[in-house]
There are 2 protein chains.
Amino acid sequence: MAAENYDVFQAIADPTRRQVLQMLAGRNLPISKITSHFQISRTAVVKHLRILSEAGLVTSEKIGREKRYHLKPEPLFEVKDWLGFYEQFWDNKLTRLKYVVETEEETD
Amino acid sequence: MAAENYDVFQAIADPTRRQVLQMLAGRNLPISKITSHFQISRTAVVKHLRILSEAGLVTSEKIGREKRYHLKPEPLFEVKDWLGFYEQFWDNKLTRLKYVVETEEETD
DNA sequence: TAATTATAACACCTTTTGGTTTCATTTCAA
DNA sequence: TTGAAATGAAACCAAAAGGTGTTATAATTA
């Protein structure tokens with residue numbers, strides 16, 4: 001991969017990376033274990049892990065010949081903060097029903 | 001742009017698109033007005049708007065020769081929901097049990 | 001020691017992204 | 001009614017993203 005500074009928003013944009021994060025929730029796993037859950041190559045997984053690492057969402061620790069990855073959810077705070085701003089623009093009663101009702105009020 | 005189904009996570013990954021969303025918070029603006037806030041070309045802005053539109057984050061309405069864009073924050077609920085799962089890892093309180101930590105099929 | 005396991009480091013490839021320029025069409029307004 | 005304003009649409013481009021395979025190195029284990 002080319003870019004060296006990955007943003008947390010970019011990091012979570014990829015579905016595979018979101019899956020990796022979920023896999024690391026609650027348990028720490030080595031690369032091989034993570035890779036075995038995907039169809040893509042280990043090299044590809046490692047690249048995703050590097051992006052997550054650059055975004056601060058995971059850390060790693062070498063244990064013997066393994067490299068264990070840990071979830072670090074702290075950078076997600078930024079996303080939460082960002083979302084907080086937009087909450088004032090949605091109607092909680094409607095969004096509670098999640099995608100069931102599509103409103104079409106156009107307020108100028 | 002090639003892809004036709006933009007995910008909300010992908011849509012908000014780009015800083016320019018996040019700025020566009022912020023510009024549309026509270027007021028509806030035509031393309032020309034949005035473009036004037038950026039250095040990039042109108043065409044580039046339109047492409048960002050299409051991506052936001054495909055993600056359901058904006059809608060547009062034609063008024064005369066203008067095309068006014070409106071913020072539709074509802075899809076952001078998916079992001080909030082997703083974040084909710086990770087909050088239990090930075091707090092100690094359990095937020096939701098909607099996403100259950102996947103119990104591994106492989107025992108070490 | 002030798003074979004195996006886990007990872008690292010490259011080189012390389014294809015598609016997508018984010019941008020450009022150019023030209024056409026529609027609408028408003030003097 | 002004619003020109004400016006606002007948008008649409010197409011062709012094109014460089015770089016980044018996401019993937020591959022190969023080879024090398026370090027740690028384990030039979």
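The chains referred to below are lettered A, B, ... by the order of the sequence lines, with proteins before strands, and numbering in each begins at 1.
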Enquirer: With nearest nucleotides of DNA chain D determined for A:I63 and A:T16 from heavy-atom distances, which residue corresponds to the more 5′ nucleotide?
Expert: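 Comparing both residues, the 5'-ward one is A:T16.
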
Enquirer: A:H48 side chain N/O closer than 4.0 Å to the phosphate oxygens (OP1, OP2) of D:dG19?
Expert: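 A:H48 to D:dG19 OP1/OP2: side-chain N or O found under 4.0 Å.
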
Enquirer: Whole-Å distance between C:dG18 P and B:I40 CD1?
Expert: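 The distance from CD1 of B:I40 to P of C:dG18 comes to 10 Å, rounded to the nearest Å.
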
Enquirer: For A:R50 and D:dA16, give me the distance from atom CZ to atom C1', rounded to whole Å.
Expert: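 A:R50 atom CZ is separated from D:dA16 atom C1' by 13 Å.
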
Enquirer: When you measure from the side chain of B:Y69 to the backbone N and O of B:I34, does any donor-acceptor pair fall under 3.5 Å?
Expert: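 It does not hold such a pair.
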
Enquirer: Rounded to the Å, how far apart are B:D7 CG and C:dT17 C1'?
Expert: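 The answer, rounded to whole Å, is 15 Å.
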
Enquirer: Taking the side chain as everything from C-beta on, heavy atoms only, tell me whether B:L29 gets closer than 4.5 Å to B:R27.
Expert: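 Touching, per the 4.5 Å side-chain cut-off.
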
Enquirer: Looking at C:dG19, I'd like to know if its phosphate oxygens (OP1 or OP2) sit under 4.0 Å from a side-chain N or O belonging to B:S41.
Expert: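 For C:dG19, neither OP1 nor OP2 has a side-chain N or O of B:S41 closer than 4.0 Å.
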
Enquirer: Rounded off to whole Å, could you give me the CD-to-P distance for the A:Q39 and D:dG21 pair?
Expert: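 Taking CD of A:Q39 and P of D:dG21, I get 13 Å after rounding.
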
Enquirer: Is A:E87 salt-bridged to B:K80, cutoff N-O under 4.0 Å?
Expert: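 Yes, charged N to carboxylate O under 4.0 Å.
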
Enquirer: Without swapping roles, check the side chain of A:R68 against the backbone of A:P30 for a donor-acceptor pair under 3.5 Å.
Expert: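 No, A:R68 side chain to A:P30 backbone: no donor-acceptor pair under 3.5 Å.
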
Enquirer: Answer yes or no: is there an ion pair linking A:K47 with A:D14, defined by an N-O contact shorter than 4.0 Å?
Expert: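 No, A:K47 and A:D14 are not salt-bridged.
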
Enquirer: Is any side-chain heavy atom of A:L71 less than 4.5 Å from a side-chain heavy atom of B:Y86?
Expert: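 They are in contact (side-chain heavy atoms under 4.5 Å apart), so the answer is yes.
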
Enquirer: So which protein N/O to nucleotides 5-8 of chain C N/O distances come out below 3.5 Å?
Expert:
unit_1	atom_1	unit_2	atom_2	d
C:dT5	O4'	A:R65	NH1	3.3
C:dT5	O2	A:R65	NH1	3.0
C:dT7	OP1	A:I31	N	3.1
C:dT7	OP1	A:K67	N	3.1
C:dT7	OP2	A:S32	N	2.7
C:dT7	OP2	A:S32	OG	3.2
C:dA8	OP1	A:K67	NZ	2.9
C:dA8	N7	A:R42	NH1	3.4
C:dA8	N6	A:R42	NH2	3.2

Enquirer: Quickly work out the B:F9 CZ to C:dT16 P distance and round it to whole Å.
Expert: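 After rounding, the gap between these two atoms is 21 Å.
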
Enquirer: For A:D14 and C:dT16, what is the distance between atoms CG and C1' respectively, to the nearest whole Å?
Expert: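 Answer to the nearest Å: 12 Å.
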
Enquirer: Measure the distance from CD1 on B:I51 to P on C:dT16 and round it to the nearest whole Å.
Expert: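 Rounded to whole Å, this separation is 13 Å.
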
Enquirer: Report yes if at least one side-chain N or O of A:Q10 is closer than 4.0 Å to OP1 or OP2 of D:dA17; otherwise report no.
Expert: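 Answer is yes, contact under 4.0 Å.
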
Enquirer: Can a donor-acceptor pair be found, under 3.5 Å and without considering hydrogens, that links the side chain of B:S53 to the backbone of B:L49?
Expert: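 Absent.
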
Enquirer: Round to the nearest Å and state the distance from A:R17 atom CZ to D:dG18 atom C1'.
Expert: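 Value for this atom pair: 9 Å.
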
